[in-house]
Amino acid sequence: MKHLLYAFSSGILLALSWPTYGFPLLLFFSFVPLLLAEFNIRTLNIKFSNLKILGLAYVTFFTWNITTTYWLYFSTPFGMWFAVLANSLLMSLVFLIYHIVAKRVDFKASIAFLVCLWISFELLHLHWDFSWPWLNLGNGFSDFSNWIQWYEYTGTFGGTLWVWLGNIIFFKMLLIYRQHKEKEIIFRGIFKASLLILLPILVSYVILWNYSESEKTVDVVVLQPNINPYTEKYNTSDAKIGPLLNRLAVQGINDSTELVIAPETVYADGTSLKNFSYSYASHYSKVLVKNHPTVNFLGGISMYNRFSDPEKVKKQTNQIGLNDWYDDYNSAFLINATDSIQMYHKSKLVVGVENFPYQSFLKPILGNIMIDLGGTVAMKTTQPERSVFELKNGYKVAPIICYESVYGEYVTGYVNNGAEFLAIITNDAWWGNTQGHKQHLSYAKLRAIENRRSIARSANTGISALINEKGKIESTLGYEEQGQLSGKISRNSEITFYTKHGDIIARVAPFIALLIFIFSFLKYKRRR
């Protein structure tokens, strides 16, 4: 019972530390109760220890997952339970593998293995088909951007490493104190932990005080049409959406406005890629830029490309019948008075909604279990490169679509391709007025710091916002408000260390974890 209480305590501490309601200082000792439970079971040689550790870890991580991501239920009950149950299991397996290795190596090696294995797990969550990096530990500081200005060097994996080092100090302190019962051990441990926590925060404030944003600016208008996705979005035609967007835009446009941004799939009818020039999206966008020649229009659209040529079939292509296929796209487009049309197709897809993971293996077993969030239920087709849109005046903007904004190194692809500022277009209304849309906005601040790029964020509803290069939100349009945000945001062409080099910490960690893992079994065999 004591160990179960320890496990539950870790889950509660992790939940209480999470954005946007939590206090991230708790992250630095949230894992300690679970670590103590594992240590007790390991050192006492309790029977079925592997199974018990797996169960205790599952209690911790299920508590954390369900508390922080319960809001997925409002869009897809199945998706929520799958995400919570599966992610809790994956996290628990990380802890189980640590337990197995810890029985074979000394304390330092086992702790190093745990940290590197966890970072490797987070790296996996950024790249595999079941990708779900929402609870990567470095995200936990998104609401305290003044603490993490050094993310421009390390990205969020620097935050993950920071969290684990804090937990190790507190864990080691308690183990030594339990052995020697000397108060000085507690004082020394608290002193070390305080230095570990406060020094990076001090460095962050030094960076913050000495950082000057670019003086180059772009004048933007961000639209928030506030169309309910369950009762209106896919029952409202593009013929009605176009006039609404133009009316909202005109209310915010002034003589210096250069870019109007509308949210993800705001044009949702399903437009043929071949016939885009004849679509309502194209027509109303051209009407707007014709009446305001200095303005560029960037918006989201649902598109498809139907064809009969088998040589055009891709991994994500959907089949209708014999020699009848189509590619389904969640896209962004940009139109200005030059009559040029620029397109980008979303490439980081939501599992189960836009992407059927490992379908060649799972589809024969599970059938088609794509989740219906309105509109066409189909695999989305992606593109390999990060497109950057060029405005009429030559400014370059990244058209980041919804879930893509959660991926740090992925977003650097836009910046390395020349983006001077970021436009995030999203539809966060699926989750209702919960932590979902608040966390999504909060994570956007991490991308601003990592790349030192300001952000204009357009949500169908949720929270539209303007964010500066320091990760500070300058202005917002709240949940279920219809309207527009107008303002100037900076344009920056400087490249940060993180933008150039990406997730170095995460690329090194798997090799260290693998070496310790191999060593643990070689050493164990020699002992036997």
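All heavy atoms count here, side chains included; hydrogens, waters and symmetry mates do not.
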A.B. asks: Ring centroids only, cut at 6.0 angstrom: are Phe521 and Phe517 within range, meaning strictly under it?
C.D. replies: yes
A.B. asks: Side chains of Arg507 and His501: is there a donor and an acceptor less than 3.5 Å apart?
C.D. replies: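 Checked: Arg507/His501 side chains show no N/O donor-acceptor pair below 3.5 Å.
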A.B. asks: Strictly distance-based, threshold 3.5 Å: is any side-chain N or O of Thr381 a donor or acceptor partner for the main-chain N or O of Tyr329?
C.D. replies: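 It does not hold such a pair.
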A.B. asks: Check the side chains of Asn433 and Glu480 for a donor-acceptor pair under 3.5 angstrom, ignoring hydrogens and angles.
C.D. replies: no
A.B. asks: Decide whether Glu404 and Tyr410 meet the rule of one side-chain donor and one side-chain acceptor closer than 3.5 Å.
C.D. replies: yes
A.B. asks: Looking only at atom types and distance, does a side-chain atom of Ser204 sit under 3.5 Å from a main-chain N or O of Asn146, one as donor and one as acceptor?
C.D. replies: yes
A.B. asks: Identify the residue among Leu89, Asn87, Val84 that makes a side chain to side chain contact (heavy atoms under 4.5 Å, CB included) with Phe62.
C.D. replies: Val84
A.B. asks: What is the distance from atom NZ of Lys108 to atom NZ of Lys172, rounded to the nearest 0.5 Å?
C.D. replies: 6.0 Å
A.B. asks: Please check if the side chain of Arg447 supplies one atom and the backbone of Val406 the other of a donor-acceptor pair under 3.5 Å.
C.D. replies: yes
A.B. asks: Is there a donor in the side chain of Glu469 and an acceptor in the side chain of Tyr211, or the other way round, less than 3.5 Å apart?
C.D. replies: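 A pair is found: one side chain offers a donor N or O, the other an acceptor, under 3.5 Å apart.
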A.B. asks: Under a 4.0 Å threshold between the charged nitrogen and the carboxylate oxygen, would Asp428 count as salt-bridged to Lys438?
C.D. replies: no
A.B. asks: Would a distance-only check, ignoring hydrogens and angles, find a side-chain to backbone donor-acceptor pair under 3.5 Å from Glu122 to Asn136?
C.D. replies: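 Answer holds: no.
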A.B. asks: Please determine, by modelled atom types, if Thr412 and Glu450 share a side-chain donor-acceptor pair under 3.5 angstrom.
C.D. replies: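 Judged by distance alone, the side chains do not pair up.
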A.B. asks: Which distance, rounded to the nearest 0.5 Å, do you find between the CD1 of Ile489 and the CD1 of Ile455?
C.D. replies: 8.5 Å
A.B. asks: With respect to Trp134, which candidate in Trp18, Tyr407, Trp71 satisfies the ring pair (Phe, Tyr, Trp, His ring centres under 6.0 Å) definition?
C.D. replies: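 Among the candidates, only Trp71 passes.
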A.B. asks: Hey, what do you get for CG (Asp503) to OG1 (Thr156), rounding to the nearest 0.5 Å?
C.D. replies: 6.0 Å
A.B. asks: How long is the straight-line distance from CG of Leu35 back to CG of Leu114, given to the nearest 0.5 Å?
C.D. replies: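 If we round to the nearest 0.5 Å, Leu114:CG and Leu35:CG are 6.5 Å apart.
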A.B. asks: Cation-pi between Arg386 and Tyr344: NZ/CZ under 6.0 Å from ring centre and within 45° of the ring axis?
C.D. replies: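 No, cation not above the ring by the 6.0 Å, 45° rule.
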A.B. asks: Side chains of Thr20 and Asp143 only: does a donor on one sit below 3.5 Å from an acceptor on the other?
C.D. replies: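 No, Asp143 and Thr20 have no side-chain donor paired with an acceptor closer than 3.5 Å.
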A.B. asks: Over 60° means perpendicular and under 30° means parallel, so tell me whether His3 and Tyr6 are parallel, tilted or perpendicular.
C.D. replies: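 The rings of His3 and Tyr6 sit tilted, inter-plane angle from 30° to 60°.
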A.B. asks: CZ of Phe170 to CG of Leu175: how many Å apart, nearest 0.5 Å?
C.D. replies: 13.5 Å
A.B. asks: Quick one: do the Gln383 and His345 side chains pair a donor with an acceptor below 3.5 Å?
C.D. replies: no
A.B. asks: Give a yes-or-no answer on whether the side chains of Ser442 and Ser142 include a donor-acceptor pair shorter than 3.5 Å.
C.D. replies: yes
A.B. asks: Are more than 12 heavy atoms from other residues, nucleotides or ligands located less than 6.0 Å from atom CZ of Phe8?
C.D. replies: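 Incorrect, the count does not exceed 12.
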